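Bear in mind that the values here come from a model prediction, so they are computed numbers and not experimental data.
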Amino acid sequence: MTKLIAIVGATGTQGGSVLKTLYKSGDYKIRALARNPSSDTAHSLAVRYPGVEWVSADLNDTASLAKAFSGADVVFGITNFFQKDILAKVGSGDIDAEYNQGKAIVDAAIEAGVESLVWSSLDSAAKLSAGKLKNVLHLDGKHRVGEYLLSKSDQIQGFIIYLGFYMDNYINFSRVSPDDGKTVEFTLPINPETELPLVDTAEDTGPVVKYILAHPDEFRGVPVEVSGGYYKAKEMAEAFTK
């Protein structure tokens, strides 16, 4: 029997990559979750991938998520710290806003009887720095969700992925120098010699998730890095210049 995967954030870059890869493989029935399945983006994807089921879900509502996950064998879960509603809550003092959304995904998947959940997480800045870097919320919140998921191993299989540094960042955080009006500057606080695991999010995420689901015994409870290789910031500057 073909398994059903419910993809949270199917209109986003990571969820969209999972959608594209698994649709092409034909190995899964696909249910795509979106805040607004009637949006232009969702409509465009529905045309591109006929046969995919589109449903609405609210990450702040466990009951809504459980309904959306009903009958699914697998869930791909993700949250976005930089969404306006999360930033607004954090700005009002709710530093657990993203964690609560991720926890709701886990709880809803368990409630719906889902077999496996692939969680897009990140490592903890607090733990890696032995407590020196505190409240790096877009890292630590996701990491806490991953820990929560793995603590429920008696109720659901948990798989964790860590995406590397988005290649898009070199475009999204660049500018033309105000000094000469022509030099492109990467406005990122990175040492030019530091090697970073770079990821082409739209192309790399889906194939890694597909491989994990096909080889569950290799990756159950073990974080998997998603990156295309390690590159120095100065190497990226040289590549852009060329």
Side-chain angles (χ1 to χ4, degrees), residues 5-23 28 30-35 45 57 59-60 65 68-69 72-83 85-86 96-110 114-125 127-128 136-153 156-169 196-216 218-228:
I5 182 170
I7 302 173
V8 176
T11 59
T13 309
Q14 290 189 45
S17 180
V18 175
L19 169 60
K20 177 175 67 175
T21 300
L22 296 187
Y23 185 88
Y28 291 84
I30 298 174
R31 180 180 296 158
L33 278 63
R35 285 177 296 173
L45 291 171
L59 298 187
N60 298 304
L65 286 167
F69 294 158
D73 301 286
V74 182
V75 166
F76 174 76
I78 185 173
T79 51
N80 181 3
F81 178 84
F82 297 101
Q83 282 185 347
D85 60 333
I86 294 292
D96 291 328
E98 185 180 24
Y99 169 76
N100 289 334
Q101 284 192 348
K103 182 177 181 295
I105 291 173
V106 176
D107 289 341
I110 292 173
V114 172
E115 176 185 312
S116 304
L117 195 160
V118 180
W119 173 246
S120 180
S121 189
L122 288 170
D123 218 329
S124 168
K127 290 188 176 181
L128 288 176
V136 186
L137 301 180
H138 65 291
L139 299 181
D140 292 340
K142 291 182 180 68
H143 187 78
R144 287 173 58 206
V145 174
E147 290 181 323
Y148 180 71
L149 168 61
L150 297 184
S151 77
K152 300 294 182 178
S153 60
I156 191 169
Q157 291 188 98
F159 301 95
I160 308 291
I161 60 173
Y162 289 166
L163 261 75
F165 188 81
Y166 285 20
M167 291 181 181
D168 310 34
N169 288 338
L196 296 173
L198 299 187
V199 59
D200 181 351
T201 315
E203 297 299 325
D204 296 344
T205 311
V208 173
V209 171
K210 178 176 180 291
Y211 189 86
I212 289 172
L213 293 176
H215 305 82
E218 290 183 41
F219 302 107
R220 190 177 292 107
V222 181
V224 179
E225 179 186 295
V226 183
S227 73

> How far does CG of Leu19 sit from OG1 of Thr11, to the nearest 0.5 angstrom?
Replying inline: 10.0 Å
>> Could you check whether any side-chain N or O of Asp140 sits under 3.5 Å from a backbone N or O of Ala125, counting only pairs where one atom can act as donor and the other as acceptor?
In response: yes
> Which pair of non-hydrogen atoms, one from Val145 and one from Val106, has the smallest distance, and what is that distance?
Replying inline: CG1-CG2, 4.1 Å
> Can you name the closest pair of heavy atoms from Gly164 and Val199 and give their distance?
Replying inline: O-CG1, 3.5 Å
>> For a quick test of reading the model, state the closest non-hydrogen atom pair linking Ala108 to Leu65 and the distance between them.
In response: CB-CB, 3.4 Å
> Do Phe69 and Ile105 have side chains that get closer than 4.5 Å, going by heavy atoms?
Replying inline: yes
> Hey, mind stepping through His215 and Phe219 against ring-ring contact (aromatic ring centres under 6.0 Å, His included) and telling me if it holds?
Replying inline: CA-CA 7 Å; His215 305 82; Phe219 302 107; 7.1 Å; no
> Can you name the closest pair of heavy atoms from Val118 and Leu213 and give their distance?
Replying inline: CG2-CD2, 3.8 Å
> Roughly how far, to the nearest 0.5 Å, is CG of Leu117 from CD1 of Ile110?
Replying inline: 8.5 Å
> Is any side-chain N of the basic residue among Lys103 and Asp107 closer than 4.0 Å to the acidic one's carboxylate O?
Replying inline: yes
> Do Asp96 and Arg144 have side chains that get closer than 4.5 Å, going by heavy atoms?
Replying inline: yes
> Should Asn100 and Leu59 count as side-chain neighbours, where that means a heavy-atom distance under 4.5 Å?
Replying inline: no
>> With side chain to side chain contact (heavy atoms under 4.5 Å, CB included) as the test, pick out the partner of Pro223 among Asp123, Ile161, Leu122, Ile160.
In response: Ile160
>> Side chains of Val224 and Val208, heavy atoms from C-beta outward: is any pair under 4.5 Å?
In response: yes
>> Treating Trp119 as the side-chain partner and Lys142 as the backbone partner, does any N or O pair qualify as donor plus acceptor under 3.5 Å?
In response: yes
> If you round to the nearest 0.5 Å, how far is CD of Gln14 from OG1 of Thr205?
Replying inline: 5.0 Å
> For Ala202 and Ser17, which heavy atoms make the closest approach, and how far apart are they?
Replying inline: O-OG, 2.9 Å
> Between Tyr162 and His143, how do the two ring planes meet: parallel, tilted or perpendicular, split at 30° and 60°?
Replying inline: tilted
> Ignoring hydrogens and geometry, is there a side-chain-to-backbone donor-acceptor pair from Arg35 to Ala57 under 3.5 Å?
Replying inline: no
>> Regarding Gln101 and Thr79, do their side chains bring together a donor and an acceptor under 3.5 Å, going by distance alone?
In response: no
>> Lys127 vs Glu147, test: salt bridge (charged side-chain N to carboxylate O under 4.0 Å, His left out). Steps then yes/no.
In response: CA-CA 13 Å; Lys127 290 188 176 181; Glu147 290 181 323; 2.3 Å; yes
>> Is the ring pair His138/Phe81 parallel, tilted or perpendicular, if the boundaries are 30 and 60 degrees?
In response: tilted
>> How long is the straight-line distance from CD1 of Ile5 back to OG of Ser116, given to the nearest 0.5 Å?
In response: 9.5 Å
> What closest approach, in Å, do Ala109 and Ile156 show between heavy atoms, and which atom pair accounts for it?
Replying inline: CB-CD1, 3.7 Å
